[in-house]
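If you read the sequence from its start, that first residue is 1, and numbering goes on from there.
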Amino acid sequence: SIEYQRVENKFSSLEPQILQEEEFLKKNVKKISSLHPKPNVVIVEKSVSRLAQNYLLEKGITLVYNVKLCVMERIERLTQGSIVPSIDNIVSGPITLGFCHNFKVCHFSLPTGENKTLLCFDGCAQHLGCTIVLRGGTQTELMKIKKILKQMIIACYNSQLEISYCMDEFGMPESRADDTLTE
């Protein structure tokens with residue numbers, strides 16, 4: 001999270017606290033924007049204070065917050081970036097910024113009248129994974145298609161592993177009877 005932590009159960013004047021908070025958040029946003037190359041999108045697991053949101057907006061950085069850790073790990077893998085546990089880690093060690101060619105926010109209207117918002121990271125390395133969006137039909141049909149699709153992906157991946165294993169072991173396909181007669 002990008003927030004200023006106040007000390008609980010302690011009385012203090014409000015004005016110095018507000019000034020400290022502003023200065024603290026400005027420094028954190030400056031740390032983020034000083035990375036090279038400058039990040040265009042920052043994804044945060046927890047909350048972000050309103051001041052930090054405004055400072056990031058001023059720097060031209062898109063902010064996505066309240067993202068589940070498992071989703072952040074998938075984005076980390078696809079963009080080949082690194083998850084930074086704390087703003088302090090930016091200064092202490094080298095971090096890798098992720099990369100994608102296009103980033104956009106897609107809005108979908110579901111048949112139930114509900115709206116779904118998806119973040120699209122397009123142009124990542126294809127061998128690292130992909131996302132398939134299933135739309136149309138009823139919920140039960142989509143669930144059946146999802147199960148079938150998962151099985152197809154597992155079978156395809158298994159096939160690639162088997163081919164790789166055979167190539168590692170110098171495996172050759174069996175020759176057919178017709179091939180032996182011509183030799």
Checklist entry - How long is the span from the CD1 atom in I163 to the CG atom in D168, to the nearest 0.5 Å? => result 12.0 Å

Checklist entry - If two hydrophobic side chains count as joined below 4.5 Å and joins carry through other members, does L51 share a cluster with I61? => result yes

Item to check | Nearest-0.5 Å distance, CD1 of residue I145 to CD1 of residue I132 | outcome: 11.5 Å

Item to check | Output field: ring centroids F99/H101 closer than 6.0 Å | outcome: yes

Checklist outcome for this item: To the nearest 0.5 Å, atom SG of C100 lies from atom CG of L119 at 10.5 Å

Checklist entry - Is any side-chain heavy atom of I43 closer than 4.5 Å to a side-chain heavy atom of F121? => result yes

Item to check | Main-chain N/O of I75 paired to T79 side chain as donor or acceptor, under 3.5 Å | outcome: yes

Checklist entry - Are V64 and V71 joined in one hydrophobic group, where the rule is that I, L, V, M, F, W and Y side chains link up if heavy atoms are under 4.5 Å apart? => result yes

Item to check | Check: S109 side chain, N115 main-chain N or O, donor-acceptor pair, under 3.5 Å | outcome: no

Item to check | Rounded distance (nearest 0.5 Å) linking atom CG of D122 with atom CG of L78 | outcome: 11.5 Å

Item to check | Side-chain heavy-atom pair V44, L63 within 4.5 angstrom cut-off | outcome: yes

Item to check | Heavy-atom side-chain proximity of E162 to Y165 below 4.5 angstrom | outcome: no

Next on the checklist: Checking side chain to side chain contact (heavy atoms under 4.5 Å, CB included) between K150 and each of M152, K146, K147, which is the one that passes?
Outcome noted: K146

Checklist entry - Does any N or O in the side chain of K59 come within less than 3.5 Å of the main-chain N or O of I32, such that one atom is a donor and the other an acceptor? => result no

Next on the checklist: I'd like to know if the side chain of Q53 and the backbone of V48 have a donor-acceptor N/O pair within less than 3.5 Å.
Outcome noted: yes

Next on the checklist: For Y65, I'd like to know if atom OH has over 12 heavy atoms of other residues, nucleotides or ligands within 6.0 Å.
Outcome noted: no

Checklist entry - From R77 CZ over to M72 CE, what is the distance, rounded to the nearest 0.5 angstrom? => result 14.5 Å

Next on the checklist: If we ignore hydrogens and angles and just use 3.5 Å, is the side chain of E141 paired with the main-chain N or O of T138 as donor and acceptor?
Outcome noted: yes

Checklist entry - Is there a side-chain contact (heavy atoms from CB on, under 4.5 Å) between N102 and C120 once you walk through the steps? => result CA-CA 8 Å; N102 298 316; C120 300; over 6 Å; no

Checklist entry - Could you give the distance from NZ (K46) to CG (N66), rounded to the nearest 0.5 Å? => result 11.0 Å

Checklist entry - Backbone N or O of V29 within a donor-acceptor pair of the S33 side chain at under 3.5 Å? => result yes

Item to check | Side chain to side chain, V67 and E45, heavy atoms closer than 4.5 Å | outcome: no

Item to check | K38 NZ: over 12 foreign heavy atoms closer than 6.0 Å | outcome: yes

Item to check | Audit row: R50, Y55, side-chain contact (heavy atoms from CB on, under 4.5 Å) steps and yes/no | outcome: CA-CA 9 Å; R50 180 48 112 183; Y55 294 147; over 6 Å; no

Checklist entry - Q80 and T96: side-chain contact (heavy atoms from CB on, under 4.5 Å), yes or no, with the steps? => result CA-CA 8 Å; Q80 296 179 324; T96 306; 5.8 Å; no

Checklist entry - V105 and L118: same hydrophobic cluster, using ILVMFWY side-chain contacts below 4.5 Å? => result no

Checklist entry - Taking a hydrophobic cluster as the set of Ile, Leu, Val, Met, Phe, Trp and Tyr residues connected by side-chain heavy atoms closer than 4.5 Å, whether directly or through intermediates, do L142 and L149 fall within one such cluster? => result yes

Next on the checklist: Would a single hydrophobic cluster contain both L128 and L97, if residues Ile, Leu, Val, Met, Phe, Trp and Tyr are joined by side-chain heavy-atom contacts under 4.5 Å?
Outcome noted: no

